[in-house]
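Below you'll find the structure, written out as structure tokens, and then a few comments.
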Amino acid sequence: MGEVLELDCVVIGGGVVGLAVARELAIAGREVVLLETEPMTGSVTSSRNSEVIHAGLYYPTGSLKAELCVAGKRKLYDYCRERHIPHKRCGKLVVASSEVEVAYLEKLLKQAEANGVDDCFLIDSVELARLEPQITGFAALVSPSTGIIDSHRLMESYIADIEAHSGAIVLKSPVLGGELLSGAVRLSAGGRDPVEIEAKLVVNAAGLNAWAVSESILGLDRTTVPERYYAKGCYFSLAGRAPAGRLIYPVPEPGGLGVHLTLDMAGQARFGPDVEWVEAIEYDVDPRRADRFYAAIRRYWPDLADGALLPAYSGMRPKVVGPEAGGGGDFIMQGPETTGHPAYAALYGIESPGLTASMAIAERVRRLMLG
Ligand SMILES: Cc1cc2nc3c(=O)[nH]c(=O)nc-3n(C[C@H](O)[C@H](O)[C@H](O)COP(=O)(O)OP(=O)(O)OC[C@H]3O[C@@H](n4cnc5c(N)ncnc54)[C@H](O)[C@@H]3O)c2cc1C
């Protein structure tokens, strides 16, 4: 074997979560190297989402998703203000399209309050028509603390912090495999200059590939690697002006939050993501899926014109629970106690609200690894 590069902390994966973790460890004074397969950071799931700062309404109280979404949202708004990252606290309406759904909104309000989201309230159809004249419904839940963010500017800022604390990001460096040693982890990184690494701490933040990375590490107890499912979500963009100034959501569907209206920082409207359980990762958007979008959107925006939706992009949710079991599932964050090795941590199922929660996830990883 050739020379082995000895490193302190290695983070595998340069999406928004891996970058947040590397930033947190670097600020804590550790020497951090982040390895990323692709020629740029943030080009996988972190580029294929709704860019919504979620309030934390839906998740079961006590789940990591609930706790880290609410904590992450606060940190993210503070950070955006401090660092001048484009964002907007535009608010969101969850719209009930039937009496049955009104009862759901009442439950959702209680769920939000139990999660520590204390600024939500219900409005009737008259108030809804006053707030958003083009949107119709029996009632709506207003979430004032939901917002949107320029996620690429956020990731640039995380990178600036990593580099300011002497961390390094190495692109085109896929982790191909490794082995748990006593008190350290050996990793083989590929790319143009393959290298063998021995690291004192390794955090697997490889997103959709986190399962494969853990399975490639010799000595890791395979029973710690959870089940894996993929739920694809497609988006369609709207030709023309957005019908609302707030984000508009229907009541959720199994596996996702329902086909909702989101806005980007330029005010462009898009709808999605739907939910399609798939076996393999591919990102084509089938224009025929538009039929279901028209039907879903017209429940809350009846004036949507034929032909106004254009296929846009798709993202893939890394899931730990499949459709038969309801498609929910929590984030899985394994520190040394769970992986069974003092130097190895792994994150699985970091789907939505992973962007919102990224700073809180990073803080949790630091505590799991460094105490
Ligand atoms: C359709 C959809 C909509 C969403 N909407 C929202 C939203 O509105 N708000 C919100 O808060 N969250 C949202 N999310 C969730 C959010 O996008 C994710 O939680 C977040 O982007 C996950 O970041 P990550 O860093 O874990 O994964 P990724 O962004 O996928 O990053 C993982 C990185 O690891 C790299 N990698 C993989 N294997 C290796 C290897 N062997 N070696 C080195 N590098 C490797 C990959 O190239 C990739 O860059 C959404 C997700 C989806 C799918």
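Atoms within each ligand, like the ligands themselves, are counted from 1 in listed order.
- The structure places CE of Met359 at 14.5 Å from CZ of Arg74, a figure rounded to the nearest 0.5 Å.
- Atom CZ of Arg222 is surrounded by more than 12 heavy atoms from other residues, nucleotides or ligands within 6.0 Å.
- Summarising the local packing, CD of Glu282 is surrounded by more than 12 heavy atoms from other residues, nucleotides or ligands at distances under 6.0 Å.
- Contact of the Ser214 side chain with the Tyr348 side chain is registered, since non-hydrogen atoms from C-beta on lie closer than 4.5 Å.
- Between Tyr158 and Tyr79, the ring planes lie tilted relative to each other; the angle falls in the 30° to 60° range.
- Contact annotation: for Val52 versus ligand 1, heavy atoms closer than 4.0 Å belong to both the backbone and the side chain.
- Counting heavy atoms under 4.0 Å from ligand 1, residue His54 touches it through the side chain alone.
- In Asn209, the part holding a heavy atom less than 4.0 Å from any atom of ligand 1 is the side chain.
- Residue Asn49 has at least one N or O atom closer than 3.5 Å to an N or O atom of ligand 1.
- Here the closest non-hydrogen pair linking Tyr294 and Gly307 is OH-N, 3.0 Å.
- The shortest N or O to N or O distance between Glu36 and ligand 1 is below 3.5 Å.
- Within 6.0 Å of CZ on Arg241 lie no more than 12 heavy atoms contributed by other residues, nucleotides or ligands.
- Every N/O-N/O distance between Val44 and ligand 1 stays at or above 3.5 Å.
- Scanning the protein for heavy atoms near atom 23 (O) of ligand 1, the closest one is Ser46 OG, 3.3 Å.
- Using a non-hydrogen distance threshold of 4.0 Å, Pro174 registers as a contact of ligand 1.
- Counting heavy atoms closer than 4.0 Å to ligand 1, residue Tyr235 contributes side-chain atoms (C-beta onward) but none from N, CA, C or O.
- Counting heavy atoms under 4.0 Å from ligand 1, residue Ala205 touches it through the backbone alone.
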